[in-house]
Amino acid sequence: MRIFDPHIHMTSRTTDDYEAMHAAGVRAVVEPSFWLGQPRTSPATFLDYFDSLLGWEPFRAAQYGIAHHCTIALNPKEANDPRCRPVLDELPRYLVKDQVVAVGEIGYDSMTAAEDTALAAQLQLAADHELPALVHTPHRDKLAGLRRTLDLVRESALPPDRVLLDHLNETTVKEAKDSGCWLGFSVYPDTKMDEDRMVAILHTYGTEQVLVNSAADWGRSDPLKTRKVADLMLAEGFTEDDVDQVLWRNPVAFYGLSGRLNLDIAATEATHEGNSILRGGE
């Protein structure tokens, strides 16, 4: 079984997670830039973070046979902080990098005017750079947030079939599917979706343009949720081809819209800029 986790925050995970993910069948990941928990205080802190997504994390992933790409953006939560918003001016120089396969995460957190402005600007950046967009739908007032998101997508220069609406659930899936956008679902231990609900949605809505992710981060989350969904799909009558479509071919197709997706794992040096993932070794 081959698995592509299309949304996981490996900066928050240990190398043990990479090892366990590879053993479970994960061979590719996309890491969206996101809020780190501790508020950032200037654009410069974003730039160091973006650099790590383009350097250190692909290096760590390759040590365990996993292809790593990322998405770059000003995330919705920090779009409300005037100290952070100037990073929008820095994004174009990152959006031309080979490892960047989408603009994201963009979207809504609290559905403020500042978030409207940041979302519209970054949808335009995606169109300008011929990249797809990964959109974070809010965790509160989800249906209202989805509708507000779709309004801005329709007003933008980016076609719906180049937009992935993430963090969907039963209340938002139908309208999201009707929009022509790609459908993303985050599977968590306690919140968002779980395996049973995810498989029930697949039974109802099918496997076309559906991406399943773990969105594992610094909170209570599980980087092996993609494999658990795959196993439950098989147990509930889906075929191996269905599993391969949802857990591999769909994310390959979506991020392949960037023209930059490279799933070959190149041989890596023992260190990255003089640093190793080993401790106490030669």
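As the structure is a prediction and not an experimental result, all values here were calculated from the model.
Geometric assessment of R60 against the ring of Y18 yields a negative cation-pi assignment under the 6.0 Å and 45° thresholds.
In terms of modelled atom types and a separation under 3.5 Å, the side chain of Y49 and the main chain of F34 share a donor-acceptor contact. R13 places a side-chain N or O within 3.5 Å of a backbone atom of D217 that can act as its donor or acceptor partner. Without hydrogens or angle criteria, Q122 side chain to L74 main chain gives a donor-acceptor distance under 3.5 Å. Between the side chain of W35 and the backbone N or O of E78 there is no donor-acceptor pair closer than 3.5 Å.
Atom NZ of K177 sits in a crowded spot, with more than 12 heavy atoms from other residues, nucleotides or ligands closer than 6.0 Å. Atom CG of D141 sits in a sparse spot, with 12 or fewer heavy atoms from other residues, nucleotides or ligands closer than 6.0 Å. Counted within 6.0 Å of CD on E170, heavy atoms from surrounding residues, nucleotides or ligands total more than 12; the atom is thus considered enclosed. Annotation: E236, atom CD; neighbour count of heavy atoms from other residues, nucleotides and ligands within 6.0 Å is above 12. Counting heavy-atom neighbours within 6.0 Å of N262 CG, excluding the residue itself, gives a total above 12.
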Checklist entry - side chain to side chain donor-acceptor pair (under 3.5 Å) between Q245 and D241: does it pass, once the steps are laid out? => result CA-CA 6 Å; Q245 180 179 16; D241 187 68; over 6 Å; no
Checklist entry - salt bridge (Lys or Arg N to Asp or Glu O under 4.0 Å) between K228 and D222: does it pass, once the steps are laid out? => result CA-CA 10 Å; K228 292 171 183 177; D222 182 354; 2.5 Å; yes
Next on the checklist: Between N75 and H136, does the side chain to side chain donor-acceptor pair (under 3.5 Å) criterion hold? Intermediate values first, please.
Outcome noted: CA-CA 9 Å; N75 68 83; H136 170 106; over 6 Å; no
Next on the checklist: Applying side chain to side chain donor-acceptor pair (under 3.5 Å) to Q209 and N250, what does each step give before you reach the verdict?
Outcome noted: CA-CA 6 Å; Q209 290 189 245; N250 285 351; over 6 Å; no
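A salt bridge does not link D5 to K225: none of the charged nitrogens lies less than 4.0 Å from a carboxylate oxygen. Checked for salt-bridge contact, D151 and R147 miss the test: no charged N lies under 4.0 Å from a carboxylate O. The pair D81-R85 fails the salt-bridge criterion, with no side-chain N (NZ, NE, NH1 or NH2) lying under 4.0 Å from an Asp/Glu carboxylate O.
The aromatic ring centroids of H22 and Y64 lie 6.0 Å or more from each other. Ring to ring, F185 and H167 are not that close: their centroids are 6.0 angstrom or more apart.
To the nearest 0.5 Å, the span separating CZ on R83 from CZ on R40 amounts to 11.5 Å. Summarising the geometry, atom CD1 belonging to I72 is positioned 11.5 Å from atom CD belonging to E105; distances are rounded to the nearest 0.5 Å. Put simply, CD on Q99 and NE2 on H69 are 4.5 Å apart, with the number rounded to the nearest 0.5 Å. Atoms CG and OG, on L47 and S42 in that order, are 8.0 Å from each other to the nearest 0.5 Å.
In this structure, the side chains of C70 and P32 stay at 4.5 Å or more apart for every pair of heavy atoms. Contact check for I8 versus P223: side-chain heavy atoms found under the 4.5 Å cut-off. Y255 is listed as a side-chain neighbour of T71, based on a closest heavy-atom distance under 4.5 Å.
The one candidate from D166, I201, V212, L168 that meets the side chain to side chain contact (heavy atoms under 4.5 Å, CB included) condition with L183 is L168.
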